[in-house]
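What follows is a short report on a single structure.
Order of the sequence lines sets the chain letters (A, B, ...), proteins ahead of strands, with each chain counted from 1.
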Number of protein chains: 2
Amino acid sequence: MSNNTRNVPKATLQRYPVYLKALRQLKKQGLERILSDELSKHVQIKSTTIRRDLSFLGTLGKQGYGYSIDKLIDVFNEKLGTEFDEKIILIGAGNLGSALMHYNRWNYVVGEISCAFDVDPNKLQMKYDVPVYPMDELEERIPKGCRIAILTASSNVQKTVDRLAACGIKGIVDFTHEHIQVPEGVNIKQVDVVSAIQELVFETNEMNV
Amino acid sequence: MSNNTRNVPKATLQRYPVYLKALRQLKKQGLERILSDELSKHVQIKSTTIRRDLSFLGTLGKQGYGYSIDKLIDVFNEKLGTEFDEKIILIGAGNLGSALMHYNRWNYVVGEISCAFDVDPNKLQMKYDVPVYPMDELEERIPKGCRIAILTASSNVQKTVDRLAACGIKGIVDFTHEHIQVPEGVNIKQVDVVSAIQELVFETNEMNV
DNA sequence: ATAATTCTGTTGAATAATTCACAACGTATG
DNA sequence: CATACGTTGTGAATTATTCAACAGAATTAT
């Protein structure tokens with residue numbers, strides 16, 4: 001009933017990207033509406049949890065009909081601010097960084113990589129339409145209003161994080177294998193194969209006890 | 001007090017990799033012991049939560065002294081089965097796959113990539129000491145006892161997942177942007193920049209309401 | 001139209017996770 | 001060896017999350 005997005009539980013917030021991804025896929029398949037029960041089968045989350053999660057964003061479904069997929073996607077964009085215009089910077093233009101610049105196909109999804117930075121002078125060339133600047137020039141080249149950085153460089157990690165925070169970065173997607181600390185108010189998401197594998201191994205072993 | 005790892009809460013299981021990573025870093029810095037309060041500052045998790053989490057693995061700390069870092073790391077390895085010998089396969093030898101084969105430095109951490117598979121005949125060459133086989137040969141080439149697969153290929157994703165499950169894969173680290181469904185008993189971990197960015201954007205916006 | 005059906009939104013109960021508070025124990029000190 | 005101190009491990013209390021059950025709104029069928 002509330003019209004803003006205050007007080008959305010953390011657990012719910014973490015499920016939104018899952019819904020959004022599934023919805024985009026369903027739309028691509030030509031579907032126009034979906035029931036919470038059907039969506040449940042796709043994302044393996046109980047339908048009642050889905051309905052509750054969505055209810056935080058407004059009264060979106062219709063009884064006896066379900067949800068309009070387009071409407072849901074729109075609401076995610078409007079209310080949660082994924083308005084395609086997020087400016088993202090990339091730190092590190094190595095193998096992984098290149099892969100990310102390459103599938104810069106999150107155009108129309110969250111935003112796009114505005115520019116990249118690297119310490120290696122050999123890597124300072126435009127790649128897949130993304131300019132690569134020297135790491136030294138971070139403070140002057142960083143786009144106005146940029147909040148999100150993707151960190152793939154693995155030297156001087158902690159120092160780099162501190163510089164990013166000083167530049168006003170509010171969220172860091174961290175691909176490094178280091179453990180790093182962030183100042184208050186900065187959010188970090190690990191995107192780490194090793195940790196992911198560990199979690200899988202832990203959970204797989206648990207299941208066999 | 002329990003000597004096995006039964007009934008470890010899911011939330012706890014997800015924090016273990018965080019602890020492990022921080023502990024390895026502290027060890028590298030030459031530290032030998034740590035208090036739950038100190039560790040708390042590093043990982044931003046309340047010390048009381050840390051103590052409870054660790055207590056599921058046995059009685060590891062000493063009152064008035066803290067925890068031995070070496071001992072903790074050993075316990076994670078022993079009790080949770082990260083015994084360095086996990087055989088991992090990689091599906092897709094493109095940019096991202098190459099990056100993963102390159103920092104195959106999870107030797108001594110979880111295991112190693114035994115081999116990779118790709119549909120593209122041009123990519124079927126040994127890369128960073130990892131052999132790359134044709135996708136067709138998955139069923140015959142997959143190592144015995146292999147439980148974990150890393151999925152970076154982005155064509156025929158769902159079909160590939162089904163084949164992996166049929167081969168006995170129990171955990172999939174998923175780098176694709178697709179939404180995929182897994183059969184009962186198979187665990188999946190998304191390692192997705194886009195979803196990570198979305199979560200960051202969602203949470204960053206939340207904080208400013 | 002009207003009635004039957006379907007599926008949402010939400011209440012309240014059950015379960016899970018976190019945090020508090022402190023007794024018990026190991027260490028350090030004299 | 002005894003005493004003081006500091007930190008763990010853990011019941012009990014609190015908070016967060018999930019889940020079941022159902023009233024009621026919108027659709028569909030007649």
Roughly, in whole Å, what's the span from [atom1] in [X] to [atom2] in [N]?
{"X": "Ile45(A)", "N": "dT18(D)", "atom1": "CD1", "atom2": "P", "result": "9 Å"}
{"X": "Lys71(A)", "N": "dA26(D)", "atom1": "NZ", "atom2": "P", "result": "11 Å"}
{"X": "Leu35(A)", "N": "dC7(C)", "atom1": "CG", "atom2": "C1'", "result": "7 Å"}
{"X": "Tyr65(B)", "N": "dT29(C)", "atom1": "OH", "atom2": "P", "result": "14 Å"}
{"X": "Asn7(B)", "N": "dT10(D)", "atom1": "CG", "atom2": "C1'", "result": "16 Å"}
{"X": "Phe56(B)", "N": "dT10(D)", "atom1": "CZ", "atom2": "C1'", "result": "11 Å"}
{"X": "Asp53(A)", "N": "dT17(D)", "atom1": "CG", "atom2": "P", "result": "10 Å"}
{"X": "Leu13(B)", "N": "dA17(C)", "atom1": "CG", "atom2": "C1'", "result": "14 Å"}

### Message
For a quick test of reading the model, state the closest non-hydrogen atom pair linking His42(A) to Gln181(B) and the distance between them.
### Response
O-CG, 3.5 Å
### Summary
Heavy atoms of Pro183(B) and Ala165(B) approach each other most closely as CG-CB, 3.6 Å
#### Entry: Residue closer to the 5' end of DNA chain D, Lys10(A) versus Lys62(A) (nearest nucleotide)
Lys10(A)
## Note on the structure
Comparing Gly66(B) with Gln63(A), nearest DNA chain D nucleotide closer to 5' gives the residue Gly66(B)
Taking 4.0 Å as the cut-off, does a side-chain nitrogen or oxygen of [X] come that near to OP1 or OP2 on [N]?
{"X": "Arg51(A)", "N": "dA20(D)", "value": "no"}
{"X": "Lys46(A)", "N": "dT18(D)", "value": "no"}
{"X": "Thr49(A)", "N": "dC19(D)", "value": "yes"}
{"X": "Ser36(B)", "N": "dT8(D)", "value": "yes"}
{"X": "Thr48(A)", "N": "dA21(D)", "value": "no"}
{"X": "Tyr67(A)", "N": "dG9(C)", "value": "yes"}

### Task
State whether a side-chain donor-acceptor pair under 3.5 Å links Ser47(A) with Asp37(A).
yes
### Query
Does a side chain donor of either Arg33(A) or Ser68(A) reach within less than 3.5 Å of an acceptor in the other side chain?
no
### Message
Test your reading of the model: is there a side-chain donor-acceptor pair from Thr176(B) to the backbone of Ser154(B), 3.5 Å cut-off?
### Response
no
### Query
Is there a donor-acceptor contact under 3.5 Å from the side chain of Thr204(A) to the main chain of Leu200(A)?
yes
#### Entry: Assigned partner base of dC22(C), Watson-Crick or wobble definition, under 3.5 Å
dG9(D)
### Task
Tell me which of Leu54(A) and Gly64(A) sits closer to the 5' end of DNA chain C, going by the nucleotide each one is nearest to.
Gly64(A)
#### Entry: Per Ser55(B) side chain, nearest of listed nucleotides dC7(C), dT10(C), dT10(D)
dT10(D)
### Any donor-acceptor N/O pair under 3.5 Å between dT17(D) base and Arg52(A) side chain
no
### Task
May I ask you to verify whether the side chain of Arg33(B) and the base of dT7(D) hold a donor-acceptor pair under 3.5 Å?
no
